[in-house]
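Just so it is clear: chains get the letters A, B, ... in the order the sequence lines come, proteins before strands, and each one is counted from 1.
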2 protein chains.
Amino acid sequence: MARAATTSDVFNAIAEPRRREIVDLLARGAERDVTELVLRLGLSQPTVSKHLGVLRKVGVVAVHKAGQRRLYRLNPEELKPVHDWIQNFERFWTDQLASIKEAAERKVKQRAAQDRGASNPQSISKEQSHG
Amino acid sequence: MARAATTSDVFNAIAEPRRREIVDLLARGAERDVTELVLRLGLSQPTVSKHLGVLRKVGVVAVHKAGQRRLYRLNPEELKPVHDWIQNFERFWTDQLASIKEAAERKVKQRAAQDRGASNPQSISKEQSHG
DNA sequence: TTGATATATTCTCGTATAGGAATATACTTA
DNA sequence: TAAGTATATTCCTATACGAGAATATATCAA
């Protein structure tokens, strides 16, 4: 079996960095035509059109015609599955932040105890594996 | 140029659904050996080992040996770039929630106005494109 | 109509899969 | 040492890219 198509889902679509750049540009709010994207990305027009085609197929962007131009806009709803999935791991880095904070507070308390002249702070040596 | 390697970054690594399943299993906290993952995923042992190899190369999982088994654990920090990127779009769905709420409130007010006998509510026909 | 501009599509090529099958490697136990 | 278990690696094949080049299609301007 080969690798899944980039158009199979949003996770595959955004695996390509140029496509994430396109999404980032469109996230700034305004609609943009292909030429604008070409200029900003420094890629060839066919390359940009092909990337837009992938994003279109998974629904991450939408187009409408305006004369001879095509105006692309972001359709952020389609990014939500990525958000929902990665959200499940948020606790890991918030927990980490929390424990960094805790460690800092322990250190402050310890220092305060030392300042008061206590020479034998109760064992706080555990959970200090600094990476 | 071919598609980027699945080991080139975390976005490519998690594009594959089975690898996301592995990450989900490891996120439940405990370390797991390969056999456990094989049983839970219903894939062949070589397939699982190969997916683990990809996740290892991008740093999303870490291993250590325990006898003849290899215990895998999640290394959630490496998922953070995905979180950070997708976070930039969170405003879109929170804004959307906000506007749904607003619309609901407008509707309530309108109904209240009708209940009071007002038969000509001021033009509220715009921004009502329901998909 | 003719030429110019904007965008999409097709073709080609090198490359990287994902999974199955077979095999290699490392460790354990008798 | 030999057999058994756990895991990784190699070989194979069908498939799908991503970019460049060339071309097709649609619209505008004169």
K.L.:
Return the minimal non-hydrogen interatomic distance between A:V54 and A:A13, and the atom names on each side.
P.N.:
CG1-CB, 4.1 Å
K.L.:
Hey, what do you get for CD1 (B:I14) to CZ (B:R19), rounding to the nearest 0.5 Å?
P.N.:
10.0 Å
K.L.:
Among all residues two or more places apart in sequence or in another chain, which pass the side chain to side chain contact (heavy atoms under 4.5 Å, CB included) test with B:E36?
P.N.:
B:R32, B:D33
K.L.:
What's the CE-C1' distance between A:M1 and D:dA14, to the nearest Å?
P.N.:
11 Å
K.L.:
Would one find a side-chain N or O of A:Y72 under 4.0 angstrom from OP1 or OP2 of C:dA8?
P.N.:
yes
K.L.:
Can you pull out every side chain to side chain donor-acceptor pair (under 3.5 Å) where at least one residue sits in residues 21-30 of chain B? Sequence neighbours excluded, please.
P.N.:
A:W85-B:D24
K.L.:
Could you give the side-chain donor-acceptor pairs of residues 37-45 of chain A under 3.5 Å, partners two or more places apart or in another chain?
P.N.:
from  : atom 1 : to    : atom 2 : distance (Å)
A:S44 : OG     : A:T47 : N      : 3.2
A:S44 : OG     : A:T47 : OG1    : 2.9
A:Q45 : NE2    : A:S49 : OG     : 3.1

K.L.:
Do A:E31 and A:Y72 have side chains that approach each other closer than 4.5 Å (heavy atoms only, starting at C-beta)?
P.N.:
no
K.L.:
Do any pairs count as a side chain to side chain donor-acceptor pair (under 3.5 Å) and have a residue in residues 4-13 of chain B, sequence neighbours left out, and if so which ones?
P.N.:
B:S8-B:N12, B:D9-B:N12
K.L.:
Is there a side-chain contact between A:R3 and B:R3 in this structure, where contact means two heavy atoms from C-beta onward sitting under 4.5 Å apart?
P.N.:
yes
K.L.:
Just by distance, no angles: are the side chains of A:H51 and A:R18 close enough, under 3.5 Å, to form a donor-acceptor pair?
P.N.:
no
K.L.:
Identify, residue by residue, the members of residues 44-63 of chain A with a heavy atom below 4.0 Å from DNA chain C, and return them in order of residue number, or none.
P.N.:
A:Q45, A:P46, A:S49, A:K50, A:R56
K.L.:
Just how far is it from atom CZ of B:R69 to atom OG1 of B:T35, taken to the nearest 0.5 Å?
P.N.:
8.0 Å
K.L.:
Within residues 4-11 of chain B, which residues have any heavy atom lying less than 4.0 Å from an atom of DNA chain C?
P.N.:
B:A5, B:T6
K.L.:
Can you check the A:L43 CG to D:dA19 C1' distance for me, whole Å?
P.N.:
9 Å
K.L.:
Quick check: on DNA chain C, is the nucleotide nearest A:R69 upstream (toward 5') of the one nearest A:R3, or the reverse? Name the residue that is more 5'.
P.N.:
A:R69
K.L.:
Got a sec? Which of residues 13-28 of chain A come in under 4.0 Å of DNA chain D, heavy atoms?
P.N.:
A:E16, A:R18, A:R19
K.L.:
B:A27: which residues meet the side chain to side chain contact (heavy atoms under 4.5 Å, CB included) condition with it, sequence neighbours left out?
P.N.:
A:F89, A:R91, A:F92, B:L74
K.L.:
Name every residue in residues 30-41 of chain B that has at least one heavy atom under 4.0 Å from any atom of DNA chain C, in order of residue number, or write none if there are no such residues.
P.N.:
none
K.L.:
If the condition is side chain to side chain contact (heavy atoms under 4.5 Å, CB included), which residues does A:K80 pass it with, not counting sequence neighbours?
P.N.:
A:D84, B:W93
K.L.:
Any pair with a residue in residues 52-68 of chain B that passes salt bridge (charged side-chain N to carboxylate O under 4.0 Å, His left out), sequence neighbours left out, goes on the list, sorted by first then second residue, please.
P.N.:
none
K.L.:
Tell me, with the steps shown, if B:V82 and A:I86 meet side chain to side chain contact (heavy atoms under 4.5 Å, CB included).
P.N.:
CA-CA 7 Å; B:V82 179; A:I86 205 72; 3.8 Å; yes
K.L.:
Taking the side chain as everything from C-beta on, heavy atoms only, tell me whether A:L71 gets closer than 4.5 Å to A:V63.
P.N.:
no
K.L.:
What string of B, S and - do you get for nucleotides 25-30 of chain C, 5' to 3', if B is base contact, S is sugar-phosphate-only contact and - is no contact with any protein heavy atom under 4.0 Å?
P.N.:
--BS--
